Amino acid sequence: MRPDWDLYFLKIAYAVSERSTCDRAFVGCVLVREKRILTTGFNGSPAGQEHCDESGHLMADGHCVRTIHAETNAIIQAALHGISTKDATCYVTHLPCINCTKVLINAGISRIVFSVAYRTDPNAVNFLKAANIEVILKEYSPS
């Protein structure tokens with residue numbers, strides 16, 4: 001059966017997550033506007049730096065600080081290539097963390113579609129509500 005648009009782009013986010021280099025969470029993100037992909041991002045180290053899958057995790061306060069999150073990488077790619085993210089939808093495998101939530105709000109994202117509620121932060125949820133960003137949990141489990 002042909003998937004609806006949300007499922008279609010969410011499946012692409014899962015394909016993007018396969019490029020992640022931090023095995024603590026394989027996360028992929030696709031930014032879309034008017035059914036067109038703007039950018040993608042996955043969990044990974046800054047350009048030219050060692051990756052977790054090469055050198056191990058660099059842990060601080062229970063978080064791997066070597067890795068840039070998928071959502072932030074997608075926003076960075078948009079900035080690098082001069083692509084506006086205003087009113088775009090963020091398709092991401094996991095519900096964004098508090099830091100990615102703040103980045104997505106300031107980038108003008110209008111919707112977030114995700115399938116895994118990983119470490120849900122009530123502050124992030126409240127920020128999204130206050131910013132009037134539509135948040136959709138979409139059932140999907142990759143095969």
Side-chain angles (χ1 to χ4, degrees), residues 1-53 57-143:
M1 182 162 68
R2 187 175 183 194
D4 65 27
W5 285 107
D6 283 345
L7 184 56
Y8 172 75
F9 288 119
L10 191 57
K11 285 182 174 185
I12 293 171
Y14 271 93
V16 171
S17 76
E18 294 175 8
R19 293 284 305 154
S20 293
T21 59
C22 183
D23 64 3
R24 296 191 74 224
F26 292 92
V27 180
C29 177
V30 180
L31 299 182
V32 174
R33 188 176 46 247
E34 298 174 2
K35 299 179 183 145
R36 300 288 182 256
I37 294 173
L38 303 175
T39 64
T40 66
F42 53 86
N43 285 3
S45 298
Q49 303 292 312
E50 294 180 332
H51 292 282
C52 296
D53 61 2
H57 302 288
L58 181 58
M59 300 299 292
D61 298 323
H63 298 281
C64 180
V65 297
R66 187 183 306 280
T67 297
I68 300 171
H69 289 184
E71 305 93 309
T72 299
N73 267 328
I75 297 293
I76 290 167
Q77 286 302 307
L80 186 64
H81 297 288
I83 299 167
S84 173
T85 56
K86 185 174 177 9
D87 297 323
T89 296
C90 173
Y91 292 93
V92 61
T93 56
H94 297 62
L95 182 66
C97 71
I98 186 70
N99 291 322
C100 289
T101 292
K102 293 183 282 187
V103 168
L104 293 168
I105 290 168
N106 278 5
I109 299 300
S110 61
R111 286 176 81 228
I112 297 173
V113 179
F114 73 100
S115 69
V116 177
Y118 175 76
R119 291 188 181 181
T120 301
D121 183 331
N123 290 317
V125 172
N126 290 334
F127 281 19
L128 292 168
K129 285 180 186 173
N132 293 316
I133 294 176
E134 181 182 13
V135 179
I136 299 166
L137 172 61
K138 185 79 172 178
E139 299 274 332
Y140 178 67
S141 180
S143 322

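When a residue number appears, it is its place in the shown sequence, counting from 1. Just so you know, these numbers use all the heavy atoms, side chains as well, and skip hydrogens, waters and symmetry mates. What you see is a predicted model, and the numbers here were worked out from it, not measured in a lab.
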Run Arg24 and Met59 through side chain to side chain contact (heavy atoms under 4.5 Å, CB included) and show every step you take. CA-CA 11 Å; Arg24 296 191 74 224; Met59 300 299 292; 3.5 Å; yes
Let me see the working for Val32 and Leu38 under side chain to side chain contact (heavy atoms under 4.5 Å, CB included), right down to the final yes or no. CA-CA 5 Å; Val32 174; Leu38 303 175; 5.9 Å; no
Applying side chain to side chain contact (heavy atoms under 4.5 Å, CB included) to Phe114 and Leu10, what does each step give before you reach the verdict? CA-CA 7 Å; Phe114 73 100; Leu10 191 57; 5.5 Å; no
Evaluation steps, side chain to side chain contact (heavy atoms under 4.5 Å, CB included), between Val113 and Thr89: CA-CA 7 Å; Val113 179; Thr89 296; 4.1 Å; yes
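Using a 4.5 Å heavy-atom cutoff, the side chains of Phe127 and Lys102 are in contact. No side-chain heavy atom of Leu31 sits under 4.5 Å from any side-chain heavy atom of Ile37. Using a 4.5 Å heavy-atom cutoff, the side chains of Asn99 and Val103 are not in contact. With a 4.5 Å cut-off on side-chain heavy atoms, Cys29 and Asn73 do not count as touching.
For the atom pair NE2 of His51 and CZ of Arg66, the computed distance is 10.0 Å after rounding to the nearest 0.5 Å. With rounding to the nearest 0.5 Å, the separation of CG in Asn132 from CZ in Arg111 is 14.5 Å. Ile75 CD1 to His69 NE2: the interatomic distance, rounded to the nearest 0.5 Å, is 14.5 Å. Here the CD atom belonging to Gln77 is positioned 8.5 Å from the CZ atom belonging to Phe42, to the nearest 0.5 angstrom. Distance CD1/Ile112 to CG/Leu128: 4.5 Å, rounded to 0.5 Å. For the atom pair OH (Tyr91) and NZ (Lys11), the distance works out to 13.5 Å, reported to the nearest 0.5 Å.
With 3.5 Å as the limit, one finds a donor-acceptor pair spanning the side chains of Ser115 and Tyr14.
Of the possible polar contacts, one joining the Ser20 side chain to the Ser17 backbone as a donor-acceptor pair under 3.5 Å is found. Using modelled atom types, one side-chain atom of Ser45 and one backbone atom of Glu50 make a donor-acceptor pair closer than 3.5 Å. With hydrogens and angles disregarded, no donor-acceptor distance shorter than 3.5 Å links the side chain of Asn43 to the backbone of Cys22. Thr93 contributes a side-chain N or O that, together with a main-chain N or O of Gly28, makes up a donor-acceptor pair within less than 3.5 Å. A donor-acceptor contact shorter than 3.5 Å is absent between the side chain of Asp121 and the backbone of Cys97. Of the possible donor and acceptor atoms, none in the side chain of Arg33 sits under 3.5 Å from a partner among the backbone N and O of Asp87. In this structure, the side chain of Thr39 engages the main chain of Ala74 through a donor-acceptor pair within 3.5 Å.
Scanning both residues, Ile109 and Thr85, for their nearest heavy atoms gives CD1-O, 3.8 Å. Counting all heavy atoms, side chain and backbone alike, Cys52 lies closest to Thr21 at CB-O, 3.4 Å. Of all the heavy atoms in Asp6 and Lys138, the pair that sits closest is CB-CE, 4.2 Å. For the pair Gly41 and Val16, the tightest heavy-atom approach, listed with the atom from each and the gap, is O-CG1, 3.2 Å.
The aromatic rings of Trp5 and Tyr8 stand perpendicular to each other, their planes meeting at an angle above 60°, with 30° marking the opposite boundary. Using bins of under 30°, 30° to 60° and over 60° for the plane-to-plane angle, the ring pair Tyr118/His94 lands in the perpendicular bin.
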